[in-house]
Amino acid sequence: MATAARIDAPDNASPLQSSEAVVVRFAGDSGDGMQLTGGQFTLSSALAGNDFATFPDFPAEIRAPLGTLFGVSAFQINFGSTEIETAGDAPDVLVAMNPAALKTNVKDLKPGGLIIADSGEFTARNLAKAEYDANPLEDDSLGKWQLIQFNISQLTLDAVKPFGLGNKEALRCKNMWTLGLSLWMFDRDRQPIIDWLKDKFAKNPVLADANIAALNAGHAYGETAEIGQPGMVAIPQRHVSAAPVEPGLYRTITGADAVAYGLVAGCQLADVKMFFGGYPITPASSILHALSRLKEYGVMTFQAEDEIAAIASAIGASYAGQLGVTSSSGPGIALKTEAIGLAVMTELPLVIVNSQRGGPSTGLPTKTEQSDLYQAVYGRNGDTPLPVIAARSPSDAFDCAIEAVRIATQFMTPVILLTDGYIANAAEPWKVPDMSTYQPFPVTFLDHVPEGGFKPYGRDNKLARPWVKPGTPGLRHRIGGIEKQVDTGHINYSPENHQAMTDLRKNKVDGVADHIPYQDVCLGTTSGKLAIVGWGSTFGPIHQAVRRARAKGMDVSHIHLRHIWPMPKNLGELLKSYDTVIVPEMNTGQLKTVLRDQYLVDAKPLNKVSGQPFRIAEIEAAIEEALG
Amino acid sequence: MATAARIDAPDNASPLQSSEAVVVRFAGDSGDGMQLTGGQFTLSSALAGNDFATFPDFPAEIRAPLGTLFGVSAFQINFGSTEIETAGDAPDVLVAMNPAALKTNVKDLKPGGLIIADSGEFTARNLAKAEYDANPLEDDSLGKWQLIQFNISQLTLDAVKPFGLGNKEALRCKNMWTLGLSLWMFDRDRQPIIDWLKDKFAKNPVLADANIAALNAGHAYGETAEIGQPGMVAIPQRHVSAAPVEPGLYRTITGADAVAYGLVAGCQLADVKMFFGGYPITPASSILHALSRLKEYGVMTFQAEDEIAAIASAIGASYAGQLGVTSSSGPGIALKTEAIGLAVMTELPLVIVNSQRGGPSTGLPTKTEQSDLYQAVYGRNGDTPLPVIAARSPSDAFDCAIEAVRIATQFMTPVILLTDGYIANAAEPWKVPDMSTYQPFPVTFLDHVPEGGFKPYGRDNKLARPWVKPGTPGLRHRIGGIEKQVDTGHINYSPENHQAMTDLRKNKVDGVADHIPYQDVCLGTTSGKLAIVGWGSTFGPIHQAVRRARAKGMDVSHIHLRHIWPMPKNLGELLKSYDTVIVPEMNTGQLKTVLRDQYLVDAKPLNKVSGQPFRIAEIEAAIEEALG
Amino acid sequence: MNDMTPIKTTPKDWETDQEVRWCPGCGDYAILKAVQRTMPEIGGTPENTVFVSGIGCSSRFPYYMETYGFHTIHGRAPAVATGVKLANPDLDVWVISGDGDALSIGGNHTMHMLRRNLDCQFLLFNNEIYGLTKGQYSPTSREGTRSPSTPFGSVDHPTKPCAFALGAGARFVARAIDVSKQLVDVLKSAHAHKGTAFVEIFQNCIVYNADVFAGFTEKANRDHQLWLENGKPMLFAGDTKGIALDVASLSLKVVDVVDGNWEAAGVLVHDVTNRTVAHMLVEMPFGEFPMALGVLYDDPRPTFDSAVFEQNAAVTKGKLPNLQKLISTGQTWTVDA
Amino acid sequence: MNDMTPIKTTPKDWETDQEVRWCPGCGDYAILKAVQRTMPEIGGTPENTVFVSGIGCSSRFPYYMETYGFHTIHGRAPAVATGVKLANPDLDVWVISGDGDALSIGGNHTMHMLRRNLDCQFLLFNNEIYGLTKGQYSPTSREGTRSPSTPFGSVDHPTKPCAFALGAGARFVARAIDVSKQLVDVLKSAHAHKGTAFVEIFQNCIVYNADVFAGFTEKANRDHQLWLENGKPMLFAGDTKGIALDVASLSLKVVDVVDGNWEAAGVLVHDVTNRTVAHMLVEMPFGEFPMALGVLYDDPRPTFDSAVFEQNAAVTKGKLPNLQKLISTGQTWTVDA
Ligand SMILES: Cc1ncc(C[n+]2csc(CCOP(=O)(O)OP(=O)(O)O)c2C)c(N)n1
Ligand SMILES: Cc1ncc(C[n+]2csc(CCOP(=O)(O)OP(=O)(O)O)c2C)c(N)n1
Ligand code: SF4
Ligand code: SF4
Ligand SMILES: [Mg+2]
Ligand SMILES: [Mg+2]
């Protein structure tokens, strides 16, 4: 009958017994609300005290047709009782809400892993859409995994019948049924989710009750199945104990929010208002969205007609005395490069955030990549140096944004902050920092003629020129993109002056290195056989891989760069102290170029350009090959 | 009296006795027609069989006010009886038509060099404009040079009186008077200039006669002064004998014309029509100008609304079956980078010419620089490789343009061709090539369904995809900037496919190295103590410096790159065969980065970023320092 | 449009094997069908037809047309199309763009294509929103539009696409609705026009901007549609209302038409070549006025491509290319052996 | 414009010590003088005034004004000015641009500044040529313009700057001549208008496009100037001719005015708020018609900056920023020691 469940298990033990961390992937149609399910499961993991990392993976299409392969939306969470830095390689559990979800995700599942499938969706029509000739739930094609299937759709309909919803609406509660079951499987408290549902559907209590009913039904199913009802099969249950994390207030945060908050924090520490000029582009738009709600923090957001106008308006705002900020992804940054040159020439503070996506050209807008490092460091006409920093994780993006604001305002220079699609979208737990512990770096606008006279292109000890607000009496001046005369800032075409200004611009940016911390080794020793040098969102997989390798006794260390340009002053020496240096990047070897140029170290690239983050195993393999 | 002349000479001998090459600089107000004078003097040098190189240096302003320092226009020529590769370092002779011209140029003059000044222009007003407190012709501030002064203005007026021109028009003949004198000084034939004047002023014979009279008067002045007329002082005369150059037909050519002709030649060899989409920008505009006159060569030029439209239209034309070409300078290229990514993704042939100017931003539009190499090699979002080649001289630009067309059409890829302001504007003698000696490389448009079916992203043995003209039956297909599926070219977001396509794009461009010549050593030995590695317009000064150093017995060789990306396959080995490698660049060290990254050779930068070409002496000094 | 010997095709011949990937219920589907129905009627040949688009949901269009197609980059379709047409004038070029693609980032190229009057059809899918990037407001969004980037409502005045087009020098301006049966006829008129035919199509983005056009597209609101026809009186609401001119203020007004006697009511007769009226029609504030639909303005003048080719022909007439000669001219001299 | 307590300045106070570097005889000099004469009359204060320009000969302007100034990059001045004004609304912002800067590469930004109606003065120096790059034709160059890039004459239809501005939604459109004495008055009206005041100034490029405007600027041709004044009849040629409306064709026509009796001739009275007439005036073909000069259209509506600040005020009312609280919200939980 409709609610019959079957379990086909290989001999090997349940996947949930083993390790102290578990990886679960929820996969379904874009309409099935998998991101929501994942998000709530994440919250409950957090409340259970687990450490975790997540990876949402949604389709490029806004709303792909129902049941299609390209319409599958997935959310993966890795949670455990130890430190977690990645969303995990292969899932232990795959929840597949339809054939397409199974087809596109099952190949990633660990051997012996658990599949939970909604048999109700495995109709001829859906199987065809998923390009299955036969029903995989019926044949033994899933033999090497554990399969638990039951008609979640039907069970959900039964559960919510009392509320008299339409069929479509009723089925929308499927994801809560699934969540309920998942909560049971991992011995989680339902209450927070119930509160959240009540709050979410405050305007529509019936929907709230229906969803809660589905949630409870899913949970109950686990329980009753356990005590062995006819036609029901026990579902493995597992408690993952809390991870030993620092006490304090935590929250989940995505990179996009972290950047937005970090920029606000930076502007408060710098005591300037923020002007954000943006133009929507995936995956950068969410920063614009987040900031547009923060007007009371002195943030003005302007959606410009294009990326060029976005950065141009930000430059105008910086000239007018606010911190101009702009944000985009690769193709949009490309359009901004001419204007970035103007900001370098006029020496105005500016923060440019690039949420990298898969390239080249339009590329893979919803996938993640690190292939804009060349563009950030080298991608301008002329000798046009500027500082570049990169965030390693969603929470790290907060401090990186503050750092970008600090450098931009202290050195009167545009700064590029690199994040990527993974960081922007992924959520991770974040110990909310105590803002009072941050050192302010207030800007001082020049508001009077200093003795010796006013020099628009005069310099302080950091080689920064003065920042003057138009409207200030006595300090009227004109700036522009033509070469400036030393001190006066007047137009000047003389060879000596151009050489002098070129050197000044270079020395100013090089000098940033005197005001950033030395490069540390985040795991391992300051010398040895092998160093894995990374930047950006490869942090998680590298860190885990190095930890595992070290656990096996291998001499390998992990170095992760925040400051891509200029680089920390000790980096050259540090790298030379290892026999081998491997640089894993989600590009064809871009940081590698900078390192080899700067230090002549034989940095070996480890490249992956598939739009997917590295797997821990891929880096482990490289370590073993290098040391074995 | 008005035509009195005075000569103040230091004891050292006349500058014109010495070397087998002479450097003359004509300097005057932008209105004085110095570029014309220089051009005609160049022609006569050519006809005299001298080898030569020239360097025009005009003000940034369209028409700066009369007599101002920034309004000075200069033209330098280096001609001799031996091979000449640069316009020369310090002039032997400076012709100064007014105080401003003297002020801005005299400091470059060789000690003991000859100044010829038009005393008639050294009025209080002009002296003030040139910021002279005293008349330098009167005090001894010019002591360390030879000074010959006379009232050229007056002498010209006298000479052209018979033709009853207005004073302004009459004075316009000054430059011809000066040219006449110069022709006498170097024992040159006047006839070709006379013919040229007749031709130039065919519509206005009076002007022709007046100018010819001025020319003759200048020449006569030299003669009569020599045989010692009262109040006239002998002017040194000097015959520079012909240089041993290959026999054949020669012409002067600027880099801009050479690029235009080379593109036309390339398209003929490829048997395709050319579509040129451009937007004016100094110093690139002249290529647009030259091509716009060549419609009968199957060239269509389109002045677009901006640089983005210019390249976009060129890409459209390439899709439609013509070779799309676009051209700009740094700031304009910056705007094109997003579209260049589209050309890489759609694998369409495209030639992008960058006539580099002083940067960053608007920078120094009329000055020369090499600071867009980073932009060319690395300046795009995503992993977006494309071939880059660089011309070393005006005449070399012809062959480089052909090479760019060859690579673009044979490999279905955008190609960047780098020239610079110096190459674009400078004129040098060019032995007109025999086009029948060039190997054609005709493109074949796919016009039928090949067996195995039509694959828009199928590959030939060079990994190039087929080029199909819209309008061809049976081969309809759609392309775009989203990642393409291997072979089919359909949209595809899968990780495996993105990795495969990324590798394909990289391998295709790397593969170009199999179809370019090995790197040669243009002067010196294939191994040794020191190699000077250059690219672009630094060729001349490097070559001369290396020649001089070798003449002094030093172990130094000159390697000059045409192929910046990919690099010749033997380059790494070649560079490693020298103890020291120095890379002189008119930037802060950009090729240096590529060499160090690619080959881990300790390439030492020698940088000059002043908007001026290297002096031979600067490179000689670096050689001596490295070897001494 | 261009002149080809028409061949017989069916709408099916214009469909590709590619899965259409718009949201279920998106107005783009209806437009796709309408275009595929139009092509046979204009006697188009698939291999001589090119669809060029920018980036946006709408710009996915070319993948679904069994013709040549180029899905370019955001905002640049008009420029790419210019190159395509100049390089290969026999092609029938259609440009597909969205309100963001054509009027935000691409405004400059749209303007210059219209100014030059390149011979092509320009279809603007106006859904008053950025669909593909998940719903930010666009330059055509009404004031107060709440969107992810304007949580408190947009404050800038929207642009009027057809007014912009006229200001840019457009010689053909038309309007239609994604699902309206008249769309095919409008597209045929656009194709019949030599020069850039600017067609604004009101397209329903069911996900991010559902029903913004309901005010005149809903069955109940059909009376707010003014379908213009050349030579016909400007009547709407079942011919019970018409558009007349207030001569004093030189502006339009709505008048009641009593038992069909529109002359009496002073209703204007639509003249597609009257630019002044066109200006007034495209600027009619909706609500107080109906929405003007159909061909609003159609007054051809020489196209850019024809001018280019005429000049090329004239200039090159009798000139034979001789590269060897070309490079041998200028300041030349001979060095003998 | 903006509201500041006017202070007394003289034109001299607005001159910088920088050497002016335009060609001798360039029309830019006259415009510079006119602007410097205007500033005292509008009671501007140098330190509260900002001149923002793009790239071109005209865009050198800011260097010569003793105010704050920003010589930006080609075509982007309107966007930079938007940032300046939004960041510091007390500033009186003037944008200086050329026909290439504003209408070729910068067309999109010009359009959106006009659409949003940013409060500033936008001065378009129209010399119908690219001056700084040595004379290539521009989007305003007449058909057949021979230039280095069009040796056989340009073939594309020129854009009409004021028509473009109206299409983009401009609420103030005026025209003047570099050397005309009326320029100061036009600039004062522009400054008095709240919102983007679009002023097209015919500027003579003596080097690359000398005398293109001679047809109406030369002494002998003054009769071809139609200076418009609000509420005054549209008379020209010493009041012997006027502009009237042909109601049938809804177009303008030139009529003779016999001994000053312009009513009889049906001469129109200029109403700066009449958009329809504005459309017709900016599109009048010169030759058959005179050149319409002065304030063609002036009908203010809310500015972008005012709307932005009103919304900011409304939205932030009573909200106190609390960063610690902000970052502590969302999905939170506490881990106890
Ligand atoms: C250079 C660049 N900037 C921004 C984007 C992101 N983007 C893609 S489509 C789009 C706007 C889509 O709106 P519209 O043109 O109206 O098309 P629709 O999706 O509504 O059909 C934007 C901003 C991009 N792809 N490229
Ligand atoms: C990005 C970029 N493209 C092109 C140029 C070259 N450029 C400078 S000014 C100009 C046009 C000048 O014409 P206009 O705007 O009419 O100003 P005018 O010189 O006539 O006053 C051009 C094409 C540039 N500086 N930057
Ligand atoms: S987002 Fe809107 S426009 Fe885009 S496909 Fe979906 S419904 Fe259509
Ligand atoms: S080129 Fe023309 S516009 Fe430029 S300064 Fe000279 S005269 Fe004026
Ligand atoms: Mg849209
Ligand atoms: Mg101009």
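Just so it is clear, the structure is predicted and the values come from calculations on it, not from any experiment. By convention in this document, chain letters (A, B, ...) are assigned in the order of the sequence lines, proteins followed by strands, and residues within each chain are numbered from 1.
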Asks: Under a 4.5 Å heavy-atom cutoff, which of Asn381(A), Thr588(A), Asn607(A) has the most pairs with chain B?
Replies: Asn381(A)

Asks: Name the option with the most non-hydrogen atom pairs under 4.5 Å to chain A; the candidates are Arg596(B), Gln370(B), Arg380(B).
Replies: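 Looking at each of Arg596(B), Gln370(B), Arg380(B) in turn, Arg596(B) comes out on top.
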
Asks: Any idea which of Pro495(B), Ala500(B), Gly589(B) has the most non-hydrogen atom pairs under 4.5 angstrom with chain A?
Replies: Pro495(B)

Asks: Quick one: what part of Glu369(B) sits under 4.5 Å from any heavy atom of chain A, side chain, backbone, both or neither?
Replies: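 When you check distances to chain A, only side chain atoms of Glu369(B) fall under 4.5 Å.
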
Asks: Out of curiosity, Gln485(B) CD to Ser494(B) OG, how far, rounded to the nearest 0.5 Å?
Replies: 7.5 Å

Asks: May I ask you to name which of Arg505(A), Lys367(A), Lys608(A) has the most heavy-atom pairs under 4.5 Å with chain B?
Replies: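 When all of Arg505(A), Lys367(A), Lys608(A) are compared, Arg505(A) has the most.
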
Asks: Going by salt bridge (Lys or Arg N to Asp or Glu O under 4.0 Å), name the residues that satisfy it together with Lys508(B), two or more places apart in sequence or in a different chain.
Replies: Glu347(B)

Asks: Verify whether one side chain among Gln612(A) and His498(B) offers a donor that lies under 3.5 Å from an acceptor in the other.
Replies: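 No, because no side-chain N or O of Gln612(A) sits under 3.5 Å from a partner of the opposite role on His498(B).
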
Asks: Under a 3.5 Å threshold, yes or no: a donor from one side chain and an acceptor from the other, between Asp420(B) and Thr368(B)?
Replies: yes

Asks: Taking Gly341(B), Pro360(B), Ala339(B), Ala376(B) one by one, which has the highest count of heavy-atom pairs under 4.5 Å against chain A?
Replies: Pro360(B)

Asks: Among all residues two or more places apart in sequence or in another chain, which pass the salt bridge (Lys or Arg N to Asp or Glu O under 4.0 Å) test with Lys592(A)?
Replies: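 Partners of Lys592(A) by the salt bridge (Lys or Arg N to Asp or Glu O under 4.0 Å) criterion, ordered by chain and then number, come out as Asp597(B).
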
Asks: Relative to chain A, which of Thr502(B), Ile308(B), Leu364(B) shows the most heavy atom pairs under 4.5 Å?
Replies: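 Most heavy-atom pairs within the cutoff with chain A belong to Leu364(B).
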
Asks: Who among Gln598(A), Glu496(A), Lys506(A), Gln590(A) has the most heavy-atom pairs with chain B under 4.5 Å?
Replies: Gln590(A)

Asks: Under 3.5 Å, is there a donor-acceptor pair between the Gln356(B) and Asn354(B) side chains?
Replies: no

Asks: Side-chain donor-acceptor pair under 3.5 Å between Thr593(A) and Tyr374(A), yes or no?
Replies: yes

Asks: Between Tyr422(A) and Phe55(A), does the ring centroid distance fall short of 6.0 Å?
Replies: yes

Asks: Who in residues 328-337 of chain B is close to chain A, using a strict under-4.5 Å heavy-atom cut-off?
Replies: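 Within residues 328-337 of chain B, near chain A: Gly330(B), Pro331(B), Ala334(B), Leu335(B), Thr337(B).
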
Asks: Select, from Asp383(A), Asp372(A), Thr384(A), Thr362(A), the one with the greatest count of heavy-atom pairs under 4.5 Å involving chain B.
Replies: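 So the answer, after comparing Asp383(A), Asp372(A), Thr384(A), Thr362(A), is Asp383(A).
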
Asks: Return the option, out of Gly363(B), Gly359(B), Ala343(B), Gly611(B), with the maximum number of heavy-atom pairs under 4.5 Å with chain A.
Replies: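 The residue among Gly363(B), Gly359(B), Ala343(B), Gly611(B) with the greatest pair count is Gly363(B).
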
Asks: Report yes if the side chains of Val486(B) and Tyr457(B) come closer than 4.5 Å at any heavy-atom pair, otherwise no.
Replies: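 When only atoms from C-beta onward are counted, Tyr457(B) and Val486(B) do not touch, as no gap falls below 4.5 Å.
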
Asks: What part of Val601(B) gets within 4.5 angstrom of chain A, counting heavy atoms only: side chain, backbone, both, or neither?
Replies: backbone

Asks: Determine, stepwise, if the pair Tyr378(A) / Leu373(A) fulfils side chain to side chain contact (heavy atoms under 4.5 Å, CB included).
Replies: CA-CA 8 Å; Tyr378(A) 301 121; Leu373(A) 183 141; 5.6 Å; no

Asks: Which residues satisfy the side-chain hydrogen bond (donor to acceptor under 3.5 Å, both in side chains) test with Gln499(A), sequence neighbours excluded?
Replies: Asp503(A)

